[in-house]
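All chains are named by letter (A, B, ...) in the order of the sequence lines, taking the proteins before the strands, and each is independently numbered beginning at 1.
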There are 2 protein chains.
Amino acid sequence: MTRIDDVARLAGVSTATVSRALRGLPTVSPGTRRRVLAAAEQLDYAVSPSASRLAGGRTGTVAVVVPRITRWFFATVVEAVEDFLHQSGYDLLLHNLGGREQIRQRVLRTANLQKRVDAVILVATPLHAADLTALAALDLPGVTISSGTGVPGWPCVRIDDVAAARTATRHLLDLGHRRIAHISGDPDDELAYTTHVDRRRGYQAALRAAGIRPDPSLDVESQFTVDGGNRAATELLARGEPPTAIVAACDEMAMGAMTALRDAGLRVPQDVSVVGIDDHDLAGALGLSTVAQPAAEQGRLAARMLLDPLGARTLDSVAVRPRAPVAGPDTANPPVILPTRLVVRESTAPPRAH
Amino acid sequence: MTRIDDVARLAGVSTATVSRALRGLPTVSPGTRRRVLAAAEQLDYAVSPSASRLAGGRTGTVAVVVPRITRWFFATVVEAVEDFLHQSGYDLLLHNLGGREQIRQRVLRTANLQKRVDAVILVATPLHAADLTALAALDLPGVTISSGTGVPGWPCVRIDDVAAARTATRHLLDLGHRRIAHISGDPDDELAYTTHVDRRRGYQAALRAAGIRPDPSLDVESQFTVDGGNRAATELLARGEPPTAIVAACDEMAMGAMTALRDAGLRVPQDVSVVGIDDHDLAGALGLSTVAQPAAEQGRLAARMLLDPLGARTLDSVAVRPRAPVAGPDTANPPVILPTRLVVRESTAPPRAH
DNA sequence: CTGAAAGCGCTTACAG
DNA sequence: CTGAAAGCGCTTACAG
């Protein structure tokens, strides 16, 4: 393995100069820089990240924590974040909670982040008081995406979950539905997400605004998965007279519900309308009406808000940018809310005439 | 930040002993170990990975390279790999190619792996001769998953793609279909995958075994995505008399094809049967018949085969295991082939009587 | 079983 | 613009 002093020797300069030239620091003359780069290339030199990190005190790594990488929203966010991080010269350390509270604690409270990363991106990760204390003690910059509890001092990028569910529900009300069910997240879930709480609130608010009292028997809790949606809809049907429409808290649940309805001999949308939230890759294939949220854009924006103040390297030059305030007029804590929009497909229609 | 000498001072031992005790090396007396652990806990000490890596010469990190984290198969593999790696005390460095050849080269050929990881897991990543040279020069252990080209000296975990496609096609033949189309990957894709080549081979082999000559006009190339499947099926219909059945090279393509058929006024399976390969999360919701492949198991097995010889720490103890030969009777290059199995749902049926 | 000391390969004030 | 030297915080022979 070639080391920095091999390059220094070949280029006829000190290791300090090699270090500066390779990192694109401005205090190197063009001729020297050229010689150093040529020597490095000739020797096929790559800096040792461990040494560089130890000496420099920065890890060049960002931890990304997601509940389940296999779910559409999280995979899409991670893809966007990964792209931005690598373009900026950062490594991505992935933590997948897999729905397990034990893992959440391992990631958040122990030494898994300490001294290991320069910054943290938490995607829809439940945070208790003890976690906030631990994160504050870490004293790292970070961003949350789609998070219920914000972290003091960290920007937050998200959609308005209440509004998204309200839009979905209103769509059904506008079509003439009155008997509208809701399927959403599980309070018994190991991880205490807030997303489904907000979405339930939006569902209920829309009903009330239309003069309808929410009926608890039309509100079923399950998991945020295809299977969860299937089970929730099955349970709903087992409770008696079916609703004429269902608001699912996410597209995956909506898809599961559509299967359950079909299996029960009900047609979508003729017998029951179904609307989701997300605009999953497959929503089009299934003809699912939904409230679209910009997943990749949330990831991209969060990465940018995180890295801008860290002075990220750009792709082609390694010039260090001056520390700039976070993009946008307001650098403080109020979350950046990205817009959602109703996408009407074939899974929703007016209820049949009584 | 507390350092190792803070712990050493409090425990009344040398830093060498702290280092040994914390890593669970056997050469520490129980009493000493206890005092060190207590001191470390009291000071909330976490080792500095940078320093540890520089001094120890190991990074404790594994790079995982996937073509697209947003695709079902890759997300599922990554989830399984992540779990195994973290349980073994390794960090996961994620590289998502995003379908771009430029990124593939950046990841494989430059210094992105050099000195940065202890091992590499390549998932369905195309490898050219120059890449193999670069990987050999890296001199790192690794595993490939679902890979066309193997890396000399690296184990490979995969399914038999030819057999999977043959099974899918034979299922349609058994139902009585003769006019069977195939939609698969794009040779103009930036990344030159071999998966679709193998699957096409299986499709053609099954046809030939049934005495049918493959008809090029029934074989459409597109991308391994929902959209790609949609476009491929649309193209297929534009070419004239529709087939009575379609073999899609992956479930996502099959799902896109089902949409296109429906949009064209054709019913699945009454007018056209569709079978995929994968057993995607949503295959059940869509009633898609498919040839299931064990995605998570491929990830888990690959991670195990990689880490076993590295002497991974176990979850609860940090004891270093002795270096053991790779699990299984054969430690050499022949790929480990995991079984696939036909799952019949509602998207396939006998062709209508002529 | 334990410790003193060297060394891992860089970056960063500091001085010029 | 450049270099000599200290130091980042560990681990690892080596010696005992």
Salt bridge between B/Arg53 and B/Asp91, side-chain N to carboxylate O under 4.0 Å?
yes
Are A/Asp131 and A/Arg104 ion-paired here, with the side-chain N under 4.0 Å from a carboxylate O?
yes
Is there a side-chain contact (heavy atoms from CB on, under 4.5 Å) between A/Arg106 and A/Arg100 once you walk through the steps?
CA-CA 10 Å; A/Arg106 184 197 71 191; A/Arg100 289 157 301 177; over 6 Å; no
Residue-phosphate contact under 4.0 Å: A/Thr17 side-chain N/O, D/dT2 OP1/OP2
no
D/dC1, OP1 or OP2 - any side-chain N/O from A/Thr32 closer than 4.0 Å?
no
Show me, pair by pair, the donor-acceptor contacts under 3.5 angstrom made by side chains of residues 8-17 of chain B, not counting sequence neighbours?
from, atom 1, to, atom 2, distance (Å)
B/Ser14, OG, B/Ala16, N, 3.4
B/Ser14, OG, B/Thr17, N, 3.2
B/Ser14, OG, B/Thr17, OG1, 3.3

Check B/Val336, B/Val157, B/Thr76, B/Val81 against B/Gln298 for a side chain to side chain contact (heavy atoms under 4.5 Å, CB included) and give me the one that passes.
B/Val157
Stems where DNA chain D pairs, listed by first number, each of three or more Watson-Crick or G-U pairs under 3.5 Å
C:1-3 with D:14-16, C:5-12 with D:5-12, C:14-16 with D:1-3
Taking only residues two or more places apart in sequence or in another chain, which ones pass salt bridge (charged side-chain N to carboxylate O under 4.0 Å, His left out) with B/Glu79?
A/Arg68
Would you please name every residue forming a side chain to side chain contact (heavy atoms under 4.5 Å, CB included) with A/Thr133, sequence neighbours left out?
none
With sequence neighbours excluded, residues passing side chain to side chain contact (heavy atoms under 4.5 Å, CB included) with B/Ala75
A/Thr70
Mark up nucleotides 6-16 of chain C, 5' to 3', with B wherever a protein heavy atom is under 4.0 angstrom from a base atom, S wherever such an atom reaches only the sugar-phosphate, and - elsewhere.
-BBBBSBB---
Looking across every strand, which nucleic acid part, if any, lies under 4.0 Å from B/Pro30 by heavy atom: base, sugar-phosphate, or nothing?
nothing
How is B/Ser29 classified with respect to the nucleic acid when contacts are heavy atoms under 4.0 Å: base, sugar-phosphate, or nothing?
sugar-phosphate
